[in-house]
Amino acid sequence: MAYVIPTPPVAALPIAGSGDLFPVRRVYCVGRNYAAHAREMGGDPTREPPFFFMKPADALQVVPEGQAVDHRYPPKTQNYHFEVELVVVLAKGGRDIPVSEALDHVFGYAVGLDMTRRDLQDEAKQLRRPWELGKAGDFSGPVGPIHPATEVGHPAKGAISLTVDGTVKQKADLSDMVWSVAEQIAYLSSYFELAPGDVIFAGTPEGVGAVTQGQTMVGAIEGLGEIRLRVV
Ligand code: MN
């Protein structure tokens, strides 16, 4: 049997310092995982259970090592927000993974942006509708090269930041996360069977805001380098 249309390409992310690629299956994103960001979004910063939404695998935008790339301003928004995040990619899957074993499932880490049509997300919240129009847009997940855990370990602390045209907008520490990477993997695996190729955006710190065409965003995480995108 043959496919009746050309097969869609496999979404994939480059590995830092190598010609190899990490194939992407699913993209999970955690919401409100830094207390100060939960407050700025009108939420309660106490340690309520994490919540997740998803982006399609092909919503990721590859940002090659050391290159500035153009990032297309999406349609249907007047309030397009950056959210810099630690991105975690899994080499192993499973169900009901214990916290103590969760990091054994991680292949590596990268810098990513959870780009958000905030006006559409806010409208969805008000109307109690799903978030896809705000969160799952085309190219809404720029991600830099993946740094294997065998090289960088499992970063639990270190600066995470985002600048726009050189002005610092977001600056925090990975240790400010409400739910650790291990806890996120364990929690997610109680709802979904995780698999190799799964990607987790681990949440954004405070300071989210809008960008407009012509501005340049630089997202950085200590030990994982930076990604640079010009909004066009
Ligand atoms: Mn986010």
Side-chain angles (χ1 to χ4, degrees), residues 13 24 26-45 47-61 63 71 73-74 77 79-90 109-125 129-144 155 158-164 168-181 183-185 187-188 191-192 198-211 217-221 224 226-227 229 231:
L13 298 167
V24 176
R26 292 184 184 172
V27 181
Y28 297 99
C29 304
V30 65
R32 293 184 186 164
N33 198 32
Y34 290 76
H37 174 62
R39 277 193 291 272
E40 78 180 349
M41 300 310 289
D44 177 352
R47 208 164 185 265
E48 58 197 24
F51 70 91
F52 291 86
F53 57 91
M54 295 174 81
K55 291 179 186 286
D58 69 353
L60 299 184
Q61 179 186 4
V63 183
H71 179 78
Y73 195 93
T77 182
N79 195 21
Y80 189 46
H81 275 207
F82 49 78
E83 298 189 354
V84 65
E85 309 204 1
L86 174 68
V87 174
V88 184
V89 306
L90 302 188
Y109 299 89
V111 183
L113 301 181
D114 168 16
M115 295 304 296
T116 302
R117 289 187 279 206
R118 191 73 73 200
D119 40 4
L120 300 187
Q121 185 199 19
D122 288 344
E123 186 178 271
K125 286 179 183 175
R129 287 179 180 165
W131 282 11
E132 277 83 358
L133 296 184
K135 284 291 194 182
D138 297 334
F139 313 111
S140 64
V143 179
I160 176 170
S161 67
L162 184 131
T163 65
V164 176
V168 177
K169 300 291 188 181
Q170 294 187 275
K171 190 162 185 53
D173 197 279
L174 295 178
S175 61
D176 297 333
M177 280 197 268
V178 176
W179 296 94
S180 70
V181 169
E183 288 169 330
Q184 291 176 51
I185 292 169
Y187 187 87
L188 262 179
Y191 284 87
F192 298 98
D198 286 350
V199 171
I200 301 170
F201 279 61
T204 198
E206 68 276 17
V208 300
V211 282
M217 306 180 287
V218 178
I221 296 177
L224 304 179
E226 64 176 40
I227 56 173
L229 298 101
V231 183

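When a residue number appears, it is its place in the shown sequence, counting from 1. Quick caveat, the model's predicted, so the values are computed rather than measured. In listed order, ligands and their atoms are each counted from 1.
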Margin query: With a 6.0 Å cut-off on the ring centroids, do Trp179 and Phe52 count as close?
Written below: no

Margin query: Using the ring centroid of each side chain, check whether Phe192 and Tyr28 are separated by less than 6.0 Å.
Written below: yes

Check: Is there a side-chain contact between Gln61 and Leu113 (heavy atoms, below 4.5 Å)?
Finding: no

Check: Do Leu133 and Glu123 come close enough that some side-chain heavy atom pair is under 4.5 Å?
Finding: no

Notebook entry, point to check: Does the ring centre of Phe82 sit less than 6.0 Å away from the ring centre of His71?
Noted result: no

Note to self: Could you check whether atom CZ of Phe51 has more than 12 heavy atoms from other residues, nucleotides or ligands sitting under 6.0 Å from it?
What the structure shows: yes

Note to self: Around the Mn ion (ligand 1), how many protein N, O or S atoms are found at less than 2.8 Å?
What the structure shows: 3

